A.B. asks: 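My questions all concern the structure below.
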Amino acid sequence: MSDDEDSQVSVVAVSAPLFRDGFNHIQVFTSDDQVPLGVQIDEYRYDTVSIRAPKRRRIRFYGADKRDQLLDAQGHQVLASLKSEPSKPYRELSKAFAPEKILELEFMGHLKIDRTVSFTDKTWRVSAR
């Protein structure tokens, strides 16, 4: 695994702990065109009486140069809408564009979503990177 978010990744190997110690939840992210973009690994570990909050890792398959090539017309529109302002409310942006597209662009590294309160999107702010 690379600490550099902009490096190309060719192979991802995930090792899991013994089940008595915890487990991993792995999600594969794809674009609208079903191009694999990367994986998200939530590492759940047990405390004495409960499960700790998961540690989240995101591994992107493509470096910055390739991510730009994966942008489609709607992706360019989302980024263009953020050029005039430093950030916009997520709710406002998700009314103009599909929420899946916004999350795809975040996973690819084009957007940053500031999740001030994780369980509600009312206060989230979206900015271009």
Side-chain angles (χ1 to χ4, degrees):
M1 198 153 106
S2 174
D3 290 333
D4 178 11
E5 288 186 359
D6 289 329
S7 64
Q8 181 87 14
V9 174
S10 299
V11 176
V12 176
V14 180
S15 59
L18 293 174
F19 189 68
R20 69 171 185 248
D21 298 328
F23 60 94
N24 296 331
H25 179 253
I26 300 171
Q27 292 177 283
V28 177
F29 283 80
T30 62
S31 69
D32 289 341
D33 300 325
Q34 301 306 308
V35 174
L37 300 174
V39 295
Q40 177 174 294
I41 305 163
D42 292 330
E43 299 173 346
Y44 292 88
R45 301 299 179 260
Y46 298 119
D47 275 335
T48 307
V49 293
S50 66
I51 296 176
R52 279 185 253 144
K55 178 179 178 184
R56 176 166 287 170
R57 295 175 187 251
R58 286 187 170 182
I59 303 169
R60 297 183 185 118
F61 293 156
Y62 303 101
D65 58 334
K66 299 259 195 288
R67 284 197 305 265
D68 290 342
Q69 295 173 10
L70 291 171
L71 275 175
D72 60 8
Q74 189 178 27
H76 284 290
Q77 290 175 349
V78 173
L79 294 176
S81 74
L82 289 165
K83 294 292 182 197
S84 61
E85 300 176 47
S87 69
K88 283 189 175 180
Y90 174 83
R91 284 242 172 137
E92 177 184 323
L93 201 59
S94 65
K95 288 178 185 172
F97 302 102
E100 296 83 14
K101 178 56 72 176
I102 297 167
L103 296 175
E104 174 187 320
L105 292 171
E106 178 198 23
F107 190 87
M108 291 171 58
H110 291 290
L111 299 179
K112 179 181 183 303
I113 300 176
D114 182 21
R115 291 172 171 83
T116 51
V117 180
S118 60
F119 57 86
T120 178
D121 62 3
K122 290 179 182 178
T123 60
W124 294 1
R125 302 288 299 176
V126 181
S127 58
R129 285 191 168 189

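These numbers were taken from a predicted model, which means no experiment stands behind them. Below, each value reflects all heavy atoms present in this structure, side chains not excepted, and no hydrogens, waters or symmetry copies.
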A.B. asks: Within this structure, what is the NZ-CZ distance for the pair Lys66 and Phe61, rounded to the nearest 0.5 Å?
C.D. replies: 15.0 Å

A.B. asks: Any side-chain heavy-atom pair from Leu103 and Met108 closer than 4.5 angstrom?
C.D. replies: no

A.B. asks: Cluster question for you: counting only ILVMFWY and a side-chain heavy-atom cut-off of under 4.5 Å, with indirect links fine, are Phe107 and Ile26 together?
C.D. replies: yes

A.B. asks: Specify the closest pair of heavy atoms between Gln74 and Ala98, including all atoms of both residues, with the distance to one decimal.
C.D. replies: NE2-N, 3.8 Å

A.B. asks: Working note: Asp121 + Ile113, criterion side-chain contact (heavy atoms from CB on, under 4.5 Å); need CA distance, chi angles, decisive distance, verdict.
C.D. replies: CA-CA 10 Å; Asp121 62 3; Ile113 300 176; over 6 Å; no

A.B. asks: So, taking the atom named CG in Leu111 and the one named CG in Leu79, what distance separates them when rounded to the nearest 0.5 Å?
C.D. replies: 5.5 Å

A.B. asks: Taking all non-hydrogen atoms of both residues, which atom of Glu43 and which atom of Arg57 are closest, and how far apart?
C.D. replies: OE2-NE, 3.1 Å

A.B. asks: If you round to the nearest 0.5 Å, how far is CG of Leu105 from CZ of Phe97?
C.D. replies: 9.5 Å

A.B. asks: Could I get the full list of side chain to side chain contact (heavy atoms under 4.5 Å, CB included) partners for Tyr46, not counting sequence neighbours?
C.D. replies: Phe19, Phe23, Ile51

A.B. asks: Locate the shortest heavy-atom distance separating Leu93 from Ser81; write the atom from each residue and the value.
C.D. replies: CD1-OG, 3.6 Å

A.B. asks: Quick check: does any side chain N or O of Asn24 sit under 3.5 Å from a backbone N or O of Ser15, one acting as donor and the other as acceptor?
C.D. replies: yes

A.B. asks: How many angstroms lie between CG in Asp68 and NE2 in His76, if you round to the nearest 0.5 Å?
C.D. replies: 8.0 Å

A.B. asks: Measure the CD-OG distance between Glu92 and Ser94 for me, rounded to the nearest 0.5 Å.
C.D. replies: 9.0 Å

A.B. asks: List the steps, then state whether side-chain contact (heavy atoms from CB on, under 4.5 Å) holds for Lys88 with Leu82.
C.D. replies: CA-CA 7 Å; Lys88 283 189 175 180; Leu82 289 165; 3.9 Å; yes

A.B. asks: Could you pull out the closest heavy-atom pair between Arg60 and Glu106, with the gap in Å?
C.D. replies: NH2-O, 3.8 Å

A.B. asks: Which pair of heavy atoms, one from Arg52 and one from Tyr44, lies closest together, and at what distance?
C.D. replies: O-CD2, 4.3 Å

A.B. asks: Can you list, pair by pair, the side-chain donor-acceptor contacts under 3.5 Å of residues 30-41, counting residues two or more places apart and other chains?
C.D. replies:
residue: Ser31; atom: OG; partner: Asp33; partner atom: N; Å: 3.2
residue: Ser31; atom: OG; partner: Val35; partner atom: N; Å: 3.2
residue: Asp32; atom: OD2; partner: Lys101; partner atom: NZ; Å: 3.2
residue: Gln40; atom: OE1; partner: Arg58; partner atom: NE; Å: 2.8
residue: Gln40; atom: OE1; partner: Arg58; partner atom: NH2; Å: 3.1
residue: Gln40; atom: NE2; partner: Gln27; partner atom: OE1; Å: 3.2

